Amino acid sequence: MSDAILSARGLKKTFLSGDRRIEVLRGVDLAVGAGETVAIRGESGSGKSTLLNLLAGLDAPDAGTLAWDGSPDTGAARRVTFLGIVFQSFYLIPELDALQNVLMAARIRKAPASAEMRRARTLLARVGLAERADHLPAHLSGGERQRVAVARALMNSPRLILADEPTGNLDEQTGGAIIDLLLGLSAETRTTLVLVTHNAAHAARCSRQLMLHGGRFA
Amino acid sequence: MPWYFYLALKQLFPTGRRFPFFTAISVLSVCLGVMLLVVVLAVMGGFGFQIRRMIVDTEGEIQIKAQGLIGDYRSVVKRVQAVPGVAGATPYAAGILMVQYENKPAFPQMRGLDMASVENVVSLGRFVTAGSLDALDDDSVVLSEGLAESLGIPVGATLEIYTPLMLVQRDGGVILPHSVKVAGVLRIGHQQLDSSTVYCTLRLAQDLYGLARDVHGVNVRVQPGANEDDVAARINAILPPNTRAFSWMDSFADFLTVLRLEKNMMMFVLLFVVLVAAFLTMSLLLVLVLKKTREIGLLGALGASRRQIAFCFCLQGVGIGVVGTAAGLALGFTVVRFRNDIVHAITRLTGGQEMMARFYQFSELPSHIETRDLVVIVVAALVLSTLAGIVPALLAARLKPVEALRSE
Ligand SMILES: Nc1ncnc2c1ncn2[C@@H]1O[C@H](COP(=O)(O)OP(=O)(O)OP(=O)(O)O)[C@@H](O)[C@H]1O
Ligand SMILES: [Mg+2]
């Protein structure tokens with residue numbers, strides 16, 4: 001698959017916990033095309049987060065290869081523009097208001113100009129937080145914080161969004177709204193989405209569903 | 001502005017209502033250390049400076065002395081005055097006297113001044129607190145304030161003066177003192193001079209000491225901006241053998257060395273206060289790094305490099321150092337400016353103001369800040385704060401994003 005945005009072959013990851021070896025991933029193959037939305041499900045402890053960290057280039061696999069848009073460069077510098085990540089915890093920076101948290105993604109790339117400023121405001125408006133731009137995370141609800149995190153993930157117009165249980169800390173309704181946002185935005189911008197979720201209904205809304213079991217896709 | 005700069009600023013001084021306690025405490029500790037250094041070094045520098053001023057104000061920058069007496073002082077003064085860089089020269093005679101007033105004796109220093117030329121070197125006029133210098137003639141003296149007070153001598157009173165010469169010339173008879181009138185009182189501001197000095201005309205001093213037309217030395221005032229040592233060297237080139245010119249620094253070389261040594265020791269000891277402040281900054285930044293572990297993981301996930309993350313925390317140490325040093329300088333200069341009010345307030349509470357004046361030679365606390373000292377203080381504070389930022393920065397850079405994000 002030459003036009004794969006994300007391709008992984010034979011990814012293996014083993015953790016040493018004390019003197020126990022935990023083989024979490026035993027050879028994961030994955031190819032995701034442009035604009036695709038893929039849901040990854042699996043039991044708790046099956047290695048979904050571990051896999052996502054490997055796909056994000058945040059951790060190195062013990063074996064296997066990974067390529068973003070056909071290139072094996074998955075370093076920090078490329079991650080800035082290629083990838084947007086949303087986690088179960090929102091990880092907003094408490095000293096910065098909502099707007100500046102979104103802009104932080106742009107800042108890491110380069111000093112933001114007025115164009116970036118406008119984009120950050122537009123994104124906040126898109127996730128329904130136009131009025132809350134100057135609020136600190138401490139003054140936002142869980143759902144609102146996750147929406148800021150979604151806007152931040154989209155800030156640099158990434159080719160790929162990785163979301164690790166973005167609704168895990170939210171109630172059913174709020175979680176549904178976040179999934180709406182993620183799917184809606186990826187459709188609008190033709191951004192590829194890989195979504196880790198426990199929720200079968202959320203998974204069913206993606207174009208493809210994968211089940212992680214025994215360290216492989218079933 | 002790179003993001004790590006921005007974030008460092010925001011973490012040090014967050015917008016919104018939260019008071020930055022961490023920042024405030026570390027800034028305050030650096031500030032106090034720097035302030036302490038500035039104040040102590042200013043006052044210690046002040047002692048040296050005060051002594052220089054006292055000498056220069058009363059004797060000029062250069063003293064010419066001979067082995068024994070200077071004979072033809074008029075020609076010496078005339079030739080010295082022609083040397084480039086010399087503003088004025090005046091001969092003097094000096095010695096010890098016994099004075100008696102209403103049966104109270106005292107043993108002051110005597111200084112015989114050449115009234116025609118003394119104002120070219122020393123503007124004694126501005127130190128007069130009672131009477132007048134103009135009234136000084138060969139039958140009168142001017143007293144230092146402490147001497148006038150301790151013997152209770154008013155202006156216009158008559159004193160009796162005994163000199164060592166009278167003991168030699170006694171020939172078995174009764175010693176006859178010399179009677180003089182008090183023409184005025186001087187207060188120079190230096191305890192040692194003010195406590196016990198008698199100023200008189202050169203002629204009277206020569207008579208009292210049997211010098212005929214000789215003098216003990218010549219005081220020289222240097223033109224503003226001229227280098228004292230250079231001028232002294234030039235004067236030495238034209239002086240007759242056995243007669244030499246010394247700049248005040250030569251005369252007080254040992255004393256100045258001790259003073260400088262003392263100041264350097266003080267600086268060394270007080271720098272430890274700044275070192276302790278740096279350790280405090282470091283431990284607070286370490287706590288900050290631990291508290292922010294998950295955010296550091298997130299920055300990594302957003303694509304920040306380890307070096308940039310390290311910068312972000314190191315810059316906070318630098319920021320604390322810069323703000324603390326600036327505040328410390330400001331506070332230090334303020335304390336130095338109001339030092340006398342502060343000291344007076346303390347001595348008023350504890351008593352002992354007189355004691356201090358007597359013991360420390362100065363009635364006011366002097367101060368003089370040398371640029372060199374300031375540079376050392378500022379550089380030391382900034383370097384130590386930066387080092388204090390480096391350890392937490394390395395810790396933050398060593399965190400792996402995945403592990404940082406997993407941490408609870
Ligand atoms: N750094 C680590 N050291 C040791 N074991 C680890 C480490 N990271 C993950 N594991 C183990 O790997 C397994 C998979 O963890 P992972 O977090 O990927 O699961 P998950 O599928 O995301 O679970 P959940 O749905 O609960 O989030 C777990 O058994 C976990 O204990
Ligand atoms: Mg997980």
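First the proteins, then the strands, lettered A, B, ... as listed; each starts at 1. From a predicted model like this one, the values you see are computed outputs, not experimental measurements.
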Can you tell me if [X] has over 12 outside heavy atoms packed within less than 6.0 Å of its [atom1]?
{"X": "A:Arg121", "atom1": "CZ", "answer": "no"}
{"X": "B:Phe311", "atom1": "CZ", "answer": "no"}
{"X": "A:Arg126", "atom1": "CZ", "answer": "yes"}
{"X": "B:Phe5", "atom1": "CZ", "answer": "no"}
{"X": "B:Phe13", "atom1": "CZ", "answer": "yes"}
{"X": "A:His213", "atom1": "NE2", "answer": "no"}
{"X": "A:Glu188", "atom1": "CD", "answer": "yes"}

Result for side chain to side chain contact (heavy atoms under 4.5 Å, CB included) between B:Leu302 and one of A:Arg79, A:Arg152, A:Arg109 points to A:Arg152
Distance in Å, B:Leu299 CG paired with A:Met104 CE, rounded so as to fall on 0.5 Å steps: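 Between atom CG of B:Leu299 and atom CE of A:Met104 there are 5.5 Å.
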Can you tell me how far apart CZ (B:Arg406) and OG1 (A:Thr50) are? Round to the nearest 0.5 Å.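 B:Arg406 CZ to A:Thr50 OG1: 6.5 Å, rounded to 0.5 Å.
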Counting only non-hydrogen atoms closer than 4.5 Å, does [X] touch chain B with its backbone (N, CA, C, O), its side chain (CB onward), both, or neither?
{"X": "A:Asp59", "value": "both"}
{"X": "A:Phe82", "value": "neither"}
{"X": "A:Ile93", "value": "both"}
{"X": "A:Leu83", "value": "neither"}
{"X": "A:Leu58", "value": "both"}

Who wins among B:Gln11, B:Lys400, B:Gln308 for the most heavy-atom pairs under 4.5 Å with chain A?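 Option with the greatest count: B:Gln11.
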What part of B:Leu7 is in contact with chain A, defined as an atom under 4.5 angstrom from a non-hydrogen atom: side chain, backbone, both or neither?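 Side chain only.
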What part of B:Tyr6 is in contact with chain A, defined as an atom under 4.5 angstrom from a non-hydrogen atom: side chain, backbone, both or neither? side chain
Is there a side-chain contact between A:Lys110 and B:Pro2, using heavy atoms and a 4.5 Å cut-off?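 Contact flag for A:Lys110/B:Pro2 side chains = no.
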Shortest non-hydrogen contact between A:Ile108 and B:Trp3, atoms and distance: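 Result for this residue pair: CA-CD1, 3.5 Å.
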For residues B:Ala304 and A:Ala76, report the shortest heavy-atom separation together with the two atoms involved.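 Distance-wise, the nearest heavy atoms are O-CB, 4.2 Å.
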Do the side chain of A:Tyr91 and the main chain of B:Leu405 share a donor and acceptor less than 3.5 angstrom apart? yes
Any donor and acceptor pair, going by atom type alone, linking the side chain of A:Arg107 with main-chain N or O of B:Met1 inside 3.5 Å?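 Judged by distance alone, no pair lies under 3.5 Å.
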